[in-house]
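For reference, the structure discussed in these notes is given below.
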Amino acid sequence: MPTIMNHLPELLQVGDLEITVSVSQHRTSVGLTVERDASITAVVSPQVTVTELIRIIEAKRTWLYGKLAEKQQLGVRPPAKKYVSGEGFPYLGRSHRLKIVESGEVRLVRGRLALARGGGARDLVRWYRRVGESWLGKRVQPWVSRMGAPIAGLRVRPLGYRWGSCSRDGNVNIHWATMQLPPTLIDYVLVHELAHLERPDHGLEFWRTVERTMPGYEAYRERLRRASIDLWLAEEGQ
Ligand SMILES: [Zn+2]
């Protein structure tokens, strides 16, 4: 049964749900929100007791689980993009607005992504893959030397819901959508895959290698999980 405590804590645990509580003089009851990063917030009136709050959360449990499931998965897409001037696409952690131009391949011009009229997802994915191959090809080098990783090659391609994969013969594949992340998170994806060249599983030795190369990697792993919510994955999983 719920706690007898009547003072509202800042963080409330109800079953396996963790809720951030904030008190607002303007509220008459309780407002529950599931944020984009899948955290739950309750804004409550000062009159609400802990017991009442827990009862309300329990009554809304199914709804909360539904919302969490929606937001926690990498596969859940933000609203579909429109291929018009002004639409934003992330690249290396920053949003770049589209600029529709008459012709040519997709390119970054003074901070804007130039897309030829009539172009769409296919062209943008091709661009992410092209810039990814050269950017990641350079970015991976210092990690390769530091880890002494036996890498044979790096390719940027669609990988479904995986960030990266590697084959037994030393080829590393990175999802093109990774190019939307800030560089520090891309580094984590690279280090993770390079560590797999020695250890295919996620055992203790694997995580030791990651930790040795990138101390405090857990924070990156957590940020990566959250960042995945806002990624653009194109419409037909290209
Ligand atoms: Zn892994």
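Counting convention: from 1, in listed order, for ligands and their atoms alike. This chain uses plain numbering: 1 for the first residue, then up along the sequence.
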Check the angle between the aromatic planes of W176 and W232 and answer parallel, tilted or perpendicular using the 30° and 60° thresholds.
perpendicular
Is it true that Y217 and W207 have ring centroids separated by less than 6.0 Å?
yes
Test H192 against W143 for ring-ring contact (aromatic ring centres under 6.0 Å, His included), laying out the working first.
CA-CA 10 Å; H192 187 114; W143 296 114; over 10 Å; no
Kindly compute the distance separating CG (L124) from CD (E87), expressed to the nearest 0.5 Å.
10.0 Å
Pairs where residues 96-114 contributes a residue and the test side-chain hydrogen bond (donor to acceptor under 3.5 Å, both in side chains) is met, not counting sequence neighbours:
E102-R117, E105-R130
Would you list the protein N, O or S atoms within less than 2.8 Å of the Zn ion (ligand 1), leaving out water?
H192 NE2, H196 NE2, H202 NE2
E133 side chain vs V156 backbone, donor-acceptor pair below 3.5 Å:
yes
